[in-house]
Participant: 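Following this message is one structure expressed as structure tokens.
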Amino acid sequence: MAFYEQHIHAKPTTFLSKYIFSFDHKVIGKQFLWYGIFFLGIGGMMALLIRWTLAFPGQAFPLLGPFLFPDSNGIVPPDTYAMLFTLHGTIMIFFAITPILIGAFGNFCIPLQIGARDMAFPVLNMLSFWLAFASGIVLLISLCLPLGAASGGWTSYPTLSTMIGQPGLGQTLWCLSLFMLGISSTMGAINYITTIIVLRAPGMGYFDMPLTVWGLGLTAVLNAIFLPVLGAGLLLLIFDRVFGTTFFLAGAAATSGTGDPILFQHVFWIFGHPEVYILILPAWGIVSDLLSFFSRKPAFGMKATALSMTTITILSTIVYGHHMYTTQMSPLLTQTFMMLTMTISIPSAVFFANWLGTLWKGSIRFDSPMLFALGVVFVFGLGGLTGLYLATVTTDLYLHDTYFVVGHFHYTMAASVLLGGFAAVYFWFPKMFGKMLNETLAKIHFWLTMLGLNGVFMGMMIVGYAGMHRRIYNPFVYEFLHKLIPINTFISVSAILMGLAQLFFVWNFIHTLLKGEKAQQNPWNVGTLEWTIPSPAPHYNFDKIPVVKCGPHEFSNPNVKDKDFQYQTEELVQA
């Protein structure tokens with residue numbers, strides 16, 4: 001049995017020990033949530049600046065433009081535009097989505113859902129958050145430098161990211177910030193893996209864990225293996241920039257036999273492709289649970305879903321080369337990477353079919369967490385299908401670096417994990433804060449977000465298919481793109497609608513914290529372990545470690561009286 005005796009931590013008594021330097025996984029989860037929402041706002045504002053520039057080139061950004069860009073009368077300058085899309089990608093991936101899905105809900109859910117009182121290493125957990133906090137500060141400081149922040153794209157390929165492409169400290173601080181964040185995430189990953197292995201409640205086998213824990217656990221495995229690879233690449237890039245080494249210097253291989261910019265691309269994508277799954281696996285796990293909870297049915301093919309996620313995790317480690325078809329890679333290698341990438345569609349199709357099987361003939365409740373979960377099913381279906389064009393060498397050569405790629409990965413990665421993150425916030429908010437978010441505001445938030453989101457990302461794929469390249473300040477200097485101006489305006493209006501929709505979420509979140517309705521212990525009528533304790537969860541979680549007797553998705557058993565679900569601590573009633 002993977003379990004050892006756990007003690008109840010002493011209750012913190014001071015403000016600092018309770019809210020700032022807390023060892024409690026729930027407090028650290030909330031800290032990551034606030035951190036992620038803060039950066040989500042900054043990254044979202046950068047996206048609006050980018051879209052405004054593309055829709056109305058040469059026009060001042062309304063209201064904030066004159067304050068942000070006084071030297072250009074409120075118009076976004078070209079060099080600032082490059083910085084904006086670089087930091088928008090960086091912030092959204094590493095400083096918004098990662099803290100919310102992995103930091104916040106990994107910390108909050110894993111111990112509660114496996115029946116533990118805390119993480120295996122509480123001190124390491126606290127240090128992980130504060131190192132992430134420091135990395136965010138370093139990134140924000142880079143915005144205030146005389147030559148500006150990093151502007152070589154979120155991938156920061158050399159030579160764009162070397163001193164030749166970008167002088168000044170901005171790119172160096174970008175590397176340092178991500179290096180620090182990588183250490184923080186690796187610490188968190190080790191903690192998550194250890195906690196899941198050794199602190200599961202008595203009776204809880206791996207297939208008795210909620211799929212949320214499966215998703216978070218597999219993400220932690222990928223983080224522990226591949227973040228050090230990125231860290232090594234960033235460290236070498238810092239050496240090139242600060243100490244004049246030539247690991248990634250263009251032409252160095254020809255003149256001195258060492259150093260090559262393409263080497264950085266290999267290192268980056270060895271981490272970068274698993275990063276897609278690092279972000280999306282928690283969302284898949286959460287959605288897999290929510291579809292069952294709100295369909296009032298056991299998750300269809302639960303073991304197959306868990307094994308499919310595991311298979312995808314393994315395959316994700318050997319397909320990175322499809323990001324590099326245009327680097328003159330050997331034709332033999334491109335065909336190999338194409339075949340491996342296509343293979344991922346098999347387990348993906350299995351668990352997508354399981355999602356549909358869970359919904360089939362379910363007694364579906366359209367509460368806000370379920371709406372966002374269904375949104376993930378929709379956008380992931382679109383994102384997955386469009387990925388086939390980029391996995392295929394012949395079509396990728398045409399679509400590479402167009403807005404089609406931008407639309408695809410925003411559907412797959414951004415939209416899926418954003419909607420999955422909102423589903424998680426609406427679902428676990430009662431357990432985190434002891435209050436219920438307003439359902440009407442939540443549903444308005446969902447529908448406006450879905451309308452805006454599909455307008456933006458579908459529009460991107462259309463203009464990309466028409467040949468519009470990404471990262472260009474004013475693409476309409478090319479005559480053949482003039483006919484795309486109206487659809488670019490439509491995309492930007494959709495982005496503004498999506499941005500305004502988030503105001504409903506912010507108002508709902510803050511108003512509920514201050515004056516919201518008190519939540520019941522189990523408002524969603526779900527049987528997983530966190531709903532067996534009061535809301536909000538007490539600092540010690542469980543006064544007595546629970547004993548697990550059944551799976552997490554026991555619903556609608558006709559032999560159970562008075563309710564349509566069973567707690568995991570109840571003996572399974574045979575149907």
Side-chain angles (χ1 to χ4, degrees), residues 32 35-36 39 42-43 83 86-99 102-103 106 124-145 147-163 165-192 219-220 222-249 259 261 263-276 278-279 320:
F32 270 116
Y35 177 93
F39 276 105
I42 293 178
M83 184 201 73
T86 297
L87 289 192
H88 164 71
T90 303
I91 286 174
M92 286 306 213
I93 292 170
F94 296 106
F95 294 87
I97 293 170
T98 300
I102 305 173
L124 190 72
N125 207 19
M126 180 193 71
L127 293 175
S128 170
F129 170 74
W130 284 107
L131 191 57
F133 183 86
S135 75
I137 297 294
V138 170
L139 190 77
L140 292 177
I141 288 173
S142 73
L143 287 166
C144 309
L145 297 173
L147 294 180
S151 58
W154 82 275
T155 53
S156 282
Y157 289 160
T159 58
L160 290 174
S161 57
T162 60
M163 292 301 280
Q166 176 145 20
L169 271 176
Q171 187 71 48
T172 307
L173 290 188
W174 182 91
C175 295
L176 179 62
S177 171
L178 288 194
F179 185 75
M180 293 166 63
L181 192 65
I183 296 174
S184 160
S185 296
T186 306
M187 291 158 67
I190 292 168
N191 218 348
Y192 289 5
T219 283
L222 287 176
N223 261 335
I225 295 173
F226 291 105
L227 273 172
V229 178
L230 177 67
L234 292 172
L235 203 58
L236 297 181
L237 187 55
I238 292 174
F239 285 171
D240 275 9
R241 294 183 57 83
V242 177
F243 302 115
T245 54
T246 58
F247 292 109
F248 305 126
L249 183 67
L263 174 62
F264 183 87
Q265 293 194 33
H266 282 286
V267 172
F268 183 88
W269 287 115
I270 286 173
F271 156 80
H273 190 77
E275 170 69 2
V276 175
I278 285 169
L279 296 177
Y320 81 91

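Since the structure is predicted, the reported quantities are computational estimates derived from the model, not experimental observations.
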Participant: For Phe32, what residues pass the ring pair (Phe, Tyr, Trp, His ring centres under 6.0 Å) criterion, not counting sequence neighbours?
Facilitator: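 Partners of Phe32 by the ring pair (Phe, Tyr, Trp, His ring centres under 6.0 Å) criterion, ordered by chain and then number, come out as Phe129.
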
Participant: Looking only at heavy atoms, what is the nearest atom pair of Asn223 and Ala189, with distance?
Facilitator: CB-CB, 3.8 Å

Participant: Would the distance check show the side chain of Gln265 and the main-chain N or O of Pro158 forming a donor-acceptor pair, the cut-off being under 3.5 Å?
Facilitator: no

Participant: Would you find a donor on one side and an acceptor on the other, under 3.5 Å apart, between the side chain of Ser185 and the backbone of Leu181?
Facilitator: yes

Participant: What pair of heavy atoms forms the shortest contact from Thr245 to Asp240, and how long is it?
Facilitator: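 So the minimum-distance heavy-atom pair works out to OG1-OD1, 2.5 Å.
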
Participant: Locate the shortest heavy-atom distance separating Thr219 from Ile102; write the atom from each residue and the value.
Facilitator: CG2-CD1, 3.6 Å

Participant: What's the separation between atom CD in Glu275 and atom CG in Leu227, rounded to the nearest 0.5 Å?
Facilitator: 7.0 Å

Participant: Ignoring hydrogens, what is the shortest heavy-atom contact between Leu234 and Cys175? Give both atom names and the distance.
Facilitator: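 Result for this residue pair: CD1-O, 4.0 Å.
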
Participant: Would you compute the distance between atom OG of Ser135 and atom OH of Tyr35 and round it to the nearest 0.5 angstrom?
Facilitator: 4.0 Å

Participant: Please round to the nearest 0.5 Å and tell me the distance separating atom CG of Leu87 and atom CE of Met92.
Facilitator: 12.0 Å

Participant: May I ask you to test the Ile278-Phe271 pair for a side-chain heavy-atom distance under 4.5 Å?
Facilitator: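 Yes, side chains in contact.
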
Participant: Anything under 30° is parallel, anything over 60° is perpendicular, the rest tilted; go ahead and classify Phe247 against Phe239.
Facilitator: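 Taking Phe239 first and then Phe247, their aromatic rings sit tilted (interplane angle of 30° to 60°).
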
Participant: For Ser161, enumerate each residue passing the side chain to side chain donor-acceptor pair (under 3.5 Å) test, keeping only those at least two apart in sequence or located in another chain.
Facilitator: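 In terms of side chain to side chain donor-acceptor pair (under 3.5 Å), with neighbours along the sequence ignored, Ser161 is linked to no residue.
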
Participant: For His88, give me all partners under side chain to side chain donor-acceptor pair (under 3.5 Å), at least two apart in sequence or on another chain.
Facilitator: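 So His88 forms no side chain to side chain donor-acceptor pair (under 3.5 Å) with any residue.
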
Participant: Quickly, which of Leu169, Ile238, Leu139 forms a side-chain contact (heavy atoms from CB on, under 4.5 Å) with Trp174? Name it, please.
Facilitator: Leu139

Participant: Look up atom CG in Leu237 and atom CG in Leu178, then write down how far apart they are to the nearest 0.5 Å.
Facilitator: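 The distance works out to 10.5 Å.
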
Participant: Taking ring pair (Phe, Tyr, Trp, His ring centres under 6.0 Å) as the definition, give me every residue that meets it alongside Phe95, ordered by chain and number, with sequence neighbours left out.
Facilitator: Phe39

Participant: In Å, rounded to the nearest 0.5 Å, how long is the span from CD of Gln171 to OG1 of Thr86?
Facilitator: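 So the gap between those two atoms works out to 7.5 Å.
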
Participant: Considering residues at least two apart in sequence or located in another chain, which fulfil the ring pair (Phe, Tyr, Trp, His ring centres under 6.0 Å) criterion with Phe268?
Facilitator: Trp154

Participant: Answer yes or no: is there a side-chain heavy-atom contact under 4.5 Å between Leu236 and Val267?
Facilitator: no

Participant: Measure across Ser156 and Phe264 and return the closest heavy-atom pair with its distance rounded to 0.1 Å.
Facilitator: O-CE2, 3.4 Å

Participant: For Pro228 versus Thr186, what's the shortest heavy-atom pair and its separation?
Facilitator: CD-OG1, 4.5 Å

Participant: With side chain to side chain contact (heavy atoms under 4.5 Å, CB included) as the test, would you mind laying out the steps for Met83 and Leu143 before giving the verdict?
Facilitator: CA-CA 9 Å; Met83 184 201 73; Leu143 287 166; 4.0 Å; yes

Participant: side-chain contact (heavy atoms from CB on, under 4.5 Å) with Ile97: which residues, sequence neighbours excluded?
Facilitator: Leu101, Leu279, Val417

Participant: Please check if the number of heavy atoms outside Tyr157 that lie under 6.0 Å from its OH is greater than 12.
Facilitator: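 Result for OH/Tyr157: enclosed.
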
Participant: What distance separates Ile137 CD1 from Ser142 OG, expressed to the nearest 0.5 Å?
Facilitator: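 The CD1 atom of Ile137 sits 11.5 Å away from the OG atom of Ser142.
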
